[in-house]
Participant: 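Pasting a structure here, questions to come.
Bear in mind that the values here come from a model prediction, so they are computed numbers and not experimental data.
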Amino acid sequence: MTAGAGGALYTPELLALAVSLGKVPLRTDLPLRGDARSATCGSTVTVGCAVDGDGRIEHVGVQAASCAVGQAATALFVQGAMGLDRAAIAGARDELAAWLAGTGPAPRWPGIDALDRARAYPARHGAIMLAWNAALAALPKDQVDR
């Protein structure tokens with residue numbers, strides 16, 4: 001286990017989140033699909049989703065090839081994404097980036113405190129951002145101003 005000033009990075013909670021991704025596989029029937037890759041570590045995440053008539057996510061599936069931190073972040077994304085539209089995902093992604101950079105408060109995202117220790121590991125930040133970036137790649141851009 002890697003340890004820093006805040007204790008172990010790979011906590012039981014983080015590892016449990018990572019393993020939970022098996023419950024939301026990337027399905028072929030999800031019409032919208034987006035990919036993201038971390039330039040820092042090479043991790044990748046693909047998000048597939050379906051949206052309702054208002055552009056809000058109603059089904060999601062993921063495929064993650066990343067470290068446990070990236071997988072845990074992806075699981076948190078899945079847990080909080082239902083019912084959100086592109087603007088809400090973009091806002092959350094921006095809050096997450098600011099928090100990781102130490103320039104903003106914790107994002108208003110369910111369970112985000114499970115990633116608190118990972119903030120001390122900048123090499124993991126790209127992997128943490130992947131699911132939000134992949135979702136934005138999947139969601140239609142014409143729904144920004146709905």
Participant: For D35, what residues pass the side chain to side chain contact (heavy atoms under 4.5 Å, CB included) criterion, not counting sequence neighbours?
Facilitator: T46
Participant: Among the clusters formed by ILVMFWY side chains lying less than 4.5 Å apart, do I128 and L15 turn up in the same one?
Facilitator: yes
Participant: What pair of heavy atoms forms the shortest contact from P140 to L32, and how long is it?
Facilitator: CD-CD1, 3.8 Å
Participant: I'd like to know whether V47 forms a side chain to side chain contact (heavy atoms under 4.5 Å, CB included) with V60, so could you lay out the CA-CA distance, the side-chain angles of the two residues, the decisive distance to 0.1 Å, and finally the verdict.
Facilitator: CA-CA 7 Å; V47 170; V60 67; 3.9 Å; yes
Participant: Using a 3.5 Å cut-off and no angle test, enumerate the donor-acceptor pairs between side-chain atoms of residues 98-106 and protein atoms at least two apart in sequence or in another chain.
Facilitator:
residue	atom	partner	partner atom	Å
T103	OG1	A98	O	3.2

Participant: Does R117 use its side chain to pair, donor to acceptor, with the backbone of A8 at less than 3.5 Å?
Facilitator: yes
Participant: Any sub-3.5 Å donor-acceptor pair from D85's side-chain atoms to A87's backbone N or O?
Facilitator: yes
Participant: Could you list the residues that satisfy side chain to side chain contact (heavy atoms under 4.5 Å, CB included) with R37, not counting sequence neighbours?
Facilitator: T44
Participant: Looking at every non-hydrogen atom in both residues, tell me the closest pair between A134 and A36 and how far apart they are.
Facilitator: N-CB, 3.6 Å
Participant: If every non-hydrogen atom of C49 is compared with every non-hydrogen atom of I57, which pair is closest and at what distance?
Facilitator: CB-CG2, 4.4 Å
Participant: Hydrophobic clustering (ILVMFWY, side-chain heavy atoms < 4.5 Å, transitive) - are L30 and V24 grouped together?
Facilitator: no
Participant: Considering only heavy atoms from C-beta outward, does the side chain of L115 approach that of L17 to under 4.5 Å?
Facilitator: no
Participant: Do any pairs count as a side chain to side chain donor-acceptor pair (under 3.5 Å) and have a residue in residues 128-138, sequence neighbours left out, and if so which ones?
Facilitator: R93-N133
Participant: Under the side chain to side chain contact (heavy atoms under 4.5 Å, CB included) criterion, do W109 and L96 qualify, and how do the steps go?
Facilitator: CA-CA 9 Å; W109 197 271; L96 181 60; over 6 Å; no
Participant: I would like to know whether H125 and T40 meet side chain to side chain contact (heavy atoms under 4.5 Å, CB included); could you show each step before the answer?
Facilitator: CA-CA 8 Å; H125 292 182; T40 307; over 6 Å; no
Participant: Which pairs of donor and acceptor atoms, one on a side chain in residues 62-82, lie under 3.5 Å apart (sequence neighbours left out)?
Facilitator:
residue	atom	partner	partner atom	Å
S66	OG	Q71	N	3.3
Q71	NE2	S66	O	2.8
T74	OG1	G70	O	2.9

Participant: How would you list all residue pairs meeting salt bridge (charged side-chain N to carboxylate O under 4.0 Å, His left out) that involve residues 12-28, not counting sequence neighbours?
Facilitator: R27-D29
Participant: Considering residues at least two apart in sequence or located in another chain, which fulfil the side chain to side chain contact (heavy atoms under 4.5 Å, CB included) criterion with A120?
Facilitator: none
Participant: Might you point out which heavy atoms bring V45 and A131 nearest each other, and give the distance in Å?
Facilitator: CG1-CA, 4.1 Å
Participant: For R119, which residues count as a salt bridge (Lys or Arg N to Asp or Glu O under 4.0 Å) partner, sequence neighbours excluded?
Facilitator: D116
Participant: Please name the pair of heavy atoms, one in G61 and one in L26, separated by the smallest distance, quoted to 0.1 Å.
Facilitator: O-CD1, 3.7 Å
Participant: Pairs in or reaching into residues 97-113: which pass salt bridge (charged side-chain N to carboxylate O under 4.0 Å, His left out), with residues at least two apart or in two chains?
Facilitator: E95-R108
Participant: Starting at CZ of R56, measure out to CD1 of I89 and round the result to the nearest 0.5 Å.
Facilitator: 10.5 Å
Participant: What is the minimum heavy-atom distance between T28 and R33, and which atoms define it?
Facilitator: CA-NH2, 3.9 Å
